[in-house]
Amino acid sequence: MKVLITGAAGNAGIAVSRLLAEAGYELRLADVATPPDDVRALGEFVRCDTRTPSDVEAAVTGVDAVIHLAAWHCGHFPPVSDRTIFAVNVDGTFNLLETCRGNGGPPVVYASSMAYGWRGVYSVTKVLGEELCRAYHEMTGASVAMLRYHAFVPGPYLDFGARLLRNGVDRQDVATATLAALRGVTEKDIGLFNTIVHTNHHMPAEVVARFSALGPDWCEEQLPGARGLIEKYGIHIPERVEQHDLSEAEKVLGWQPAIGFIEFLRDLKQRDAAGLDVTDLVVPGELPT
Ligand SMILES: NC(=O)c1ccc[n+]([C@@H]2O[C@H](COP(=O)([O-])OP(=O)(O)OC[C@H]3O[C@@H](n4cnc5c(N)ncnc54)[C@H](O)[C@@H]3O)[C@@H](O)[C@H]2O)c1
């Protein structure tokens, strides 16, 4: 099966491309930027600006399924203008789906966001992106999975654990959810499916609700030494944990996230025991599991 990945040179695109190649998919990688050499070697690279219909036509022709990741978001430095965010995320998505419609209506996985909403231009582009996906599904009957990813923008390692307790998700979990969604749209008749992609800490509800009071002890029970690590590295403990019900994703896609706060602490414990300096470490989302 030949799969088009738009935004293949980006943070998610790199992880998704690697995972799909491992899973045996034939890949067409599309981006305005060139992916790193090891990712480029995983498939056919086509330079494609999703705002240009002829680029999109060349990218879509002949593929069996599409993963649409190409977009600009608010986390870039220097920032991308709202006008460009709107053009790439909305016009680009329209061009892609319109071209898919003219090419047999392949199934689509769409990168939405927990930023979905009306609080800013980027958020609105994800609302419009989901609506365009809905229309594409209605018009073609193709299965479409819309994944509302939580945050996985690269950042300092020591902030990563605390971010998982709030709105963070590991990039590898983003990739495994995307692969599960691809299987869902190509192998099952899932119609139009929408899910949140977040972390699961497997904490009792009471610990979720009163994490600052109960969390450190609960962590210590799961992983001896956890409380000491939290204190030593000054890891911010929120009053409560953000935790979504991910059971629908498990039921429909067979997907569960693998990296929660305890997995982060387990990794930190190993690095601490090895005497490694983690202060300058940046997490693109590749914690050893
Ligand atoms: N990073 C996050 O925290 C996060 C959270 C929720 C949702 N998302 C969504 O996930 C997707 C991937 O995000 P990411 O963090 O990997 O972003 P990223 O910025 O790392 O990658 C986006 C890629 O899209 C490419 N691109 C930009 N404009 C393009 C165009 N006109 N044509 C073709 N390619 C273009 C860029 O070159 C880049 O390689 C996006 O749709 C984003 O909105 C990201």
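Numbering of ligands and ligand atoms starts at 1, following listing order. We number each residue from 1, following the sequence as shown.
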Please list, one pair per line, the donor and acceptor atoms closer than 3.5 Å that link side chains of residues 160-169 to other protein atoms, with sequence neighbours excluded.
unit_1, atom_1, unit_2, atom_2, d
Arg163, NH1, Val153, O, 2.9
Arg163, NH2, Val153, O, 2.9

After noting the C-alpha distance and the side-chain angles of Arg171 and Asn11, does the key distance pass the side-chain hydrogen bond (donor to acceptor under 3.5 Å, both in side chains) rule?
-> CA-CA 8 Å; Arg171 184 179 69 165; Asn11 189 23; 2.9 Å; yes
Please list every donor-acceptor pair under 3.5 Å in which a side-chain atom of residues 209-218 meets a protein atom from a residue at least two apart or in another chain.
unit_1, atom_1, unit_2, atom_2, d
Arg210, NH1, Glu206, OE2, 3.4
Asp217, OD1, Arg227, NE, 3.2
Asp217, OD1, Arg227, NH2, 2.8

Test side chain to side chain contact (heavy atoms under 4.5 Å, CB included) applied to Leu229 and Ile235, step by step = CA-CA 8 Å; Leu229 288 167; Ile235 294 163; 5.5 Å; no
Protein neighbours of ligand 1 with a heavy atom under 4.0 Å, given by chain and number, are Gly7, Ala9, Gly10, Asn11, Ala12, Asp31, Val32, Ala33, Cys48, Asp49, Thr50, Arg51, Leu69, Ala70, Ala71, Trp72, His73, His76, Val88, Ala111, Ser112, Ser113, Tyr122, Lys126, Tyr149, His150, Ala151, Phe152, Val153
Could you tell me whether Arg18 and Asp38 have a side-chain N and a carboxylate O separated by less than 4.0 Å?
-> yes
Distance-only donor-acceptor pairs under 3.5 Å for side chains of residues 104-120, two or more places apart:
unit_1, atom_1, unit_2, atom_2, d
Ser112, OG, Glu130, OE2, 2.6
Ser113, OG, Ala115, N, 2.8

